[in-house]
Amino acid sequence: MHSFIHLYTLMEKTYNPEQIEAKYRSLWEDKNLFSSDSNSTSENAYCIMLPPPNVTGSLHMGHAFQHTIMDVLTRYHRGKGEQTLWQPGTDHAGIATQMVVERQLAAQDITRHDVGREKFIDKIWDWKEQSGGTITSQMRRLGTSVDWERERFTMDDGLSDAVHKVFIQLYNEGLIYRGKRLVNWDPVLHTAVSDLEVISTEEQGSLWHMRYPITGTDEVMVVATTRPETMLGDSAVAVHPDDERYTHLIGQTIDLPLTDRKIAIIADDYVDMEFGTGCVKITPAHDFNDYEMGQRHDLDIINILTDDAKINDTVTSAYTGMDRFDARKQMVKDLDEQGLLEKIEPHTLMVPRGDRTHSVIEPYMTDQWFVKVAPLAKPAIDAVKNGDIRFIPENWNKTYYNWMDNIQDWCISRQIWWGHRIPAWYDNDGNIFVADSLEDAQAQAGEGVTLRQDDDVLDTWFSSALWPFSTLGWPEQTPQLSRFYPTNVLVTGFDIIFFWVARMIMFGLKFAGDVPFKDIYITGLIKDGQGQKMSKSKGNVLDPIDLIDGISLDDLLVKRTQGMMQPKMAAKIKKQTQGEFPDGIPSFGTDALRFTFAALASFGRDIKFDLKRVEGYRNFCNKLWNASRFVLMKLEGDSIDAKATLSTSDEWILSRLQATKANVEKHLEDYRLDLMSQELYEFVWHDYCDWYLELSKPLLADDATKAGTQATLLKVLNEILTLLHPIIPFITEEIYEQCCTLTGKDSESLMTQAYPKVEQNLISPQAEEEVKWLQTFILGIRQIRGEMNIPPSKPLPCFVQNTNDSDQRCLNTHSQVLNSLAKLESIDQLNINDEAPESATALVGEMKVLIPLAGLIDKDQEAARLNKEIEKLNKQRVQFAGKLNNEKFVSGAPEAVVNKEKEKLASVENAIADLSTQLEKIAKL
RNA sequence: GGGCGAUUAGCUCAGUUGGGAGAGCAUCGCCCUUACAAGGCGAGGGUCACUGGUUCAAGCCCAGUAUCGCCCA
């Protein structure tokens with residue numbers, strides 16, 4: 001028992017998220033409460049690796065969503081007393097970041113080549129210093145409780161060492177090799193990109209039908225192509241071996257138009273006889289399928305393009321130096337003039353574009369570095385198959401297998417400057433020395449040999465793939481590595497399963513000797529209200545910070561349309577935005593946004609983001625705020641007796657609380673944050689606020705029950721705060737502090753409070769039963785009021801009839817509560833034979849609750865209401881009776897089910913009988 | 001073409017061992033009741049996409065159809 005030391009400072013009537021959030025953001029960090037050193041003696045460790053966002057990026061809705069999920073999990077485990085590390089950091093994002101700086105240079109009309117490699121890289125570092133704090137400060141706004149002291153960057157020294165070590169080992173084991181292969185070439189960036197960085201979309205194009213003359217005859221073969229310019233590099237024409245139209249031509253040659261070359265006519269069952277004319281031109285140097293076929297048939301590989309995707313001079317032609325698309329036009333024209341163009345059909349085709357530049361990607365022969373993936377993939381597939389790693393939701397493992405089973409070697413070299421430079425040196429004879437440093441390479445090559453380092457850098461995802469162990473200090477065997485690896489869960493979107501997740505699994509198993517994480521929680525993708533992907537070009541992007549702080553329509557319009565190239569598009573976006581947010585966006589506060597994200601975190605693929613939801617959860621925060629205000633007001637000036645006798649209502653809310661805790665626990669275990677937040681929402685709003693706080697009012701007015709109620713109000717509020725804290729940390733922390741001030745409790749932070757456990761001894765079926773009775777009683781009366789439009793302020797007299805022992809007990813105990821909550825002026829008992837006044841009726845089990853009409857209630861109206869009620873019950877009766885009359889059901893279903901059905905029927909029949917009698921009475925009047 | 005997913009109230013979505021269809025928002029009444037009008041109380045609203053099957057019993061399991069969407073080729 002402790003008494004209050006100061007008078008409770010009155011809380012504002014409406015909560016103000018802005019003030020609260022600012023207060024705790026710095027406070028938590030100042031007190032080092034996110035540190036992974038806390039709870040270091042705990043038996044359990046818990047670790048989440050933050051998927052490192054682009055260092056120069058900014059926080060978008062997807063980040064905010066996933067960060068909320070991770071923060072809920074982190075704060076929950078921290079609250080359970082586990083040593084918890086949420087590892088933050090950022091990614092250097094090679095191409096993306098380099099492009100930003102190149103664009104800045106372009107504005108001054110210079111290229112990176114004008115600047116030179118070293119200076120250019122310095123410029124990028126400068127840019128990183130300048131803008132690198134954006135995303136981390138936005139994360140702080142969200143309240144993400146990462147261990148900031150352990151923040152890492154993929155190009156930190158330690159992480160770079162890990163990259164070297166991995167590269168060298170893979171090379172030495174023959175799992176990294178260099179070779180000339182057909183790769184996806186971005187002609188704007190002048191670099192190879194991986195398959196994953198190429199986005200193919202349907203575009204309107206043409207199918208050109210070209211006549212290829214057969215050598216020495218008047219015959220032609222008509223080949224159809226979507227890229228006529230590649231004909232310069234044709235090595236053959238292929239037909240299907242079973243295609244009788246062309247069997248006689250197999251083995252003959254074609255005089256390739258616009259060139260002086262002859263190419264073979266070959267047969268291959270890859271050819272689709274139905275498509276076009278059934279004849280396919282084969283260009284091994286510029287098409288992946290053709291390349292395969294070229295390998296099968298030992299065809300020439302004729303590269304016709306330059307790095308800029310202009311026609312080169314390999315093939316003597318009139319098109320050398322022309323851009324491929326200009327050459328296309330010219331060649332089509334020339335073919336037409338020579339009578340070699342059969343027709344042009346409109347055609348939708350899949351056009352591959354770079355995910356960064358959106359330029360058309362060309363398959364292109366170049367020297368590149370590759371990871372031989374198959375040997376690494378095998379154990380990575382097994383890890384999921386044998387359950388070491390679990391996808392959540394489970395069906396993503398199919399997507400994973402699908403990709404892993406058909407995995408291609410990974411092109412890891414990029415012809416850009418920003419990134420980890422490939423640790424390989426060449427001598428003048430082209431010998432390769434892979435080493436940690438020039439010195440090591442020199443040692444390998446021998447004194448006096450001139451070495452030149454490879455110009456390329458590694459794919460960004462190469463270093464990201466090491467993230468789960470490189471951030472923990474690998475290759476050193478650090479205490480953190482042994483404590484936190486393997487990590488518990490990876491939270492990420494399905495869009496990077498291939499880019500990142502699969503590669504982390506492969507490298508984790510290979511180098512850290514274990515899976516990098518046990519669970520992979522694949523979240524949905526946040527879409528706009530119409531289900532559209534949010535993108536700058538669509539102008540439908542929402543900035544999480546704008547939802548927190550609010551934004552005026554004007555500012556939002558500027559934000560969404562600035563930098564728009566097409567004024568038409570800008571106008572459209574403007575209109576759309578005005579329609580959707582006529583008054584801009586109000587400020588909802590971080591907690592409301594976080595609650596929304598948690599509530600949206602179901603297992604669906606797409607999450608349509610609806611502002612109305614945020615508003616609803618903002619209201620929830622306000623509700624919680626005001627409920628707390630109420631509790632504190634009712635506690636003020638008194639001392640709390642934790643051992644005071646409890647009323648049934650107290651026992652009831654405590655019992656409900658236990659069920660809530662159990663469910664929250666379960667939902668968290670299942671990663672169902674939507675169900676978790678729903679559970680808490682319902683408990684707080686509907687059990688605690690709607691019922692318990694109302695019940696507490698008469699109980700607080702009674703000295704016999706006051707102390708117990710006060711203790712219970714506070715206990716439940718405190719646990720609510722702790723339970724909600726992982727989702728809405730700011731408001732709960734503030735209320736907690738107010739509670740501490742009031743009760744004189746000395747506590748550092750809600751964050752360090754133990755997460756409440758289920759207390760079995762507080763589960764009380766009897767209290768739940770009794771309050772259920774109370775609720776039914778009150779609801780019955782409210783319904784009569786509601787339907788008869790009797791104001792809630794009007795006190796009503798009430799009679800009860802046909803009571804049993806337990807009804808009597810309840811009436812004795814709870815009459816005061818009933819009077820208060822149902823606003824009754826009296827409750828009088830009638831014997832079963834007593835003549836009741838003309839009344840509206842409600843049923844509580846077998847007991848009748850009667851509200852005399854007495855001029856207040858229209859009898860026709862009551863008759864109509866009863867009729868409706870009876871009709872409803874009748875529908876149920878028919879359903880239950882139908883089942884029970886079914887012999888097969890009675891004999892086939894388990895006895896318990898049949899009995900339950902019988903009970904339901906009996907209860908419905910009773911109710912119908914009671915209400916019908918009442919209806920008759922009323923009708924007679 | 002292959003794989004995956006979706007289809008439940010006007011809207012957004014829950015519904016996990018098969019056993020009386022739910023929430024939030026929106027709508028319609030009544031209420032400014034001393035925690036909260038960002039609120040309270042009450043009400044209306046569904047052939048669970050369609051067809052068939054398994055079962056005593058199907059929103060849920062199975063097969064197929066339709067529409068929409070995503071991923072891979």
Side-chain angles (χ1 to χ4, degrees), chain A residues 11-15 195-196 200 272 288-289 350 393-399 401-403 405-406 494-495 497-498 524-525 527 529 531 533 586 588 592 596 599-600 602-634 666 670 672 674-675 678 681-682 685-686 689-690 693-694 696-697 713 778-779 781-795 820-823 865 868 875-877 879-880 882-884 886-894 896-898 900-901 903-905 907-908:
Chain A
M11 289 167 79
E12 301 276 339
K13 202 166 169 180
T14 308
Y15 99 107
D195 299 343
L196 294 171
S200 292
D272 179 359
F288 289 99
N289 288 316
M350 297 301 279
E394 203 177 13
N395 39 297
W396 285 109
N397 57 17
K398 286 192 185 151
T399 308
Y401 294 141
N402 212 330
W403 190 66
D405 288 340
N406 304 300
F494 56 78
D495 48 337
I497 290 181
F498 306 145
L525 254 35
K527 305 288 182 77
K533 201 172 163 177
F588 292 115
T596 310
L600 290 174
S602 64
F603 285 172
R605 269 183 191 208
D606 292 330
I607 294 160
K608 285 184 206 169
F609 194 84
D610 180 4
L611 222 55
K612 281 286 183 190
R613 291 290 287 265
V614 194
E615 192 184 331
Y617 296 121
R618 189 268 321 261
N619 295 353
F620 174 78
C621 290
N622 192 50
K623 187 80 179 172
L624 176 66
W625 181 262
N626 278 293
S628 310
R629 210 160 66 91
F630 170 81
V631 172
L632 295 183
M633 277 165 66
K634 294 298 179 187
K666 181 186 173 298
D670 298 340
R672 288 301 302 266
D674 58 329
L675 299 181
Q678 194 190 337
Y681 181 99
E682 255 161 47
W685 199 309
H686 297 124
C689 292
D690 285 350
L693 293 194
E694 293 308 319
S696 79
K697 288 173 186 173
L713 279 169
I778 294 162
L779 287 171
I781 293 184
R782 279 185 192 161
Q783 194 184 27
I784 292 170
R785 274 187 199 276
E787 303 227 342
M788 303 305 166
N789 285 349
I790 302 170
S793 52
K794 171 92 188 161
S820 164
L821 268 68
K823 192 86 180 173
R865 193 183 72 89
K868 200 176 71 184
K875 272 187 196 157
Q876 290 183 24
R877 190 188 58 81
Q879 207 177 344
F880 303 146
K883 264 191 180 177
L884 287 163
N886 183 347
E887 191 107 359
K888 284 180 184 167
F889 171 72
V890 179
S891 58
V897 174
V898 177
K900 201 177 155 199
E901 214 66 20
E903 275 172 36
K904 288 191 284 189
L905 180 62
S907 123
V908 164

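This is a predicted model, so every value here is computed, not measured. In what follows, every chain begins at residue 1, and chains take the letters A, B, ... in the order their sequences are listed.
Partners of A:Arg613 according to the side-chain hydrogen bond (donor to acceptor under 3.5 Å, both in side chains) rule, which considers only residues two or more places apart in sequence or in another chain, are A:Tyr617. Take A:Asp405 and apply the side-chain contact (heavy atoms from CB on, under 4.5 Å) test, not counting sequence neighbours, and it matches A:Ile381, A:Tyr401. Remark: A:Lys608 pairs with no residue by the side-chain contact (heavy atoms from CB on, under 4.5 Å) rule, at least two apart or across chains. A:Asp495 pairs by the side-chain hydrogen bond (donor to acceptor under 3.5 Å, both in side chains) definition with nothing, not counting sequence neighbours. Residues that satisfy the side-chain contact (heavy atoms from CB on, under 4.5 Å) test with A:Pro792, not counting sequence neighbours, are absent from this structure. Residues forming a side-chain hydrogen bond (donor to acceptor under 3.5 Å, both in side chains) with A:Asp670 (at least two apart in sequence, or on another chain): A:Lys666. Applying the side-chain hydrogen bond (donor to acceptor under 3.5 Å, both in side chains) rule to A:Arg782 yields no partners; only residues at least two apart in sequence or on another chain are considered.
Comparing B:rC36 with B:rA43, their P atoms sit 25 Å apart, to the nearest whole Å. Comparing the P positions of B:rG10 and B:rU27 gives an interatomic distance of 15 Å, to the nearest angstrom. Nucleotides B:rU47 and B:rG1, compared at atom C1', are 36 Å apart to the nearest Å.
Using a 4.0 Å heavy-atom cutoff across all strands shown, A:Phe880 reaches at least one base atom of the nucleic acid.
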Bracket string, RNA chain B, 5' to 3' - pairs by Watson-Crick or G-U geometry under 3.5 Å, | interstrand: ((((((((.[[[[.)...(..]]]].(((((.......))))).....[[[[[..)....]]]]]))))))).
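Residue A:Arg605 is the one, among A:Val631 and A:Arg605, whose nearest nucleotide of RNA chain B lies closer to the 5' end (criterion: closest heavy atom).
Here the range on RNA chain B touched by chain A, meaning any atom under 4.0 Å from one of its heavy atoms, is B:rG3 to B:rC70.
With a 6.0 Å cutoff to the six-membered ring centre and a 45° limit on the axis angle, A:Lys697 counts as a cation-pi contact of A:Phe630.
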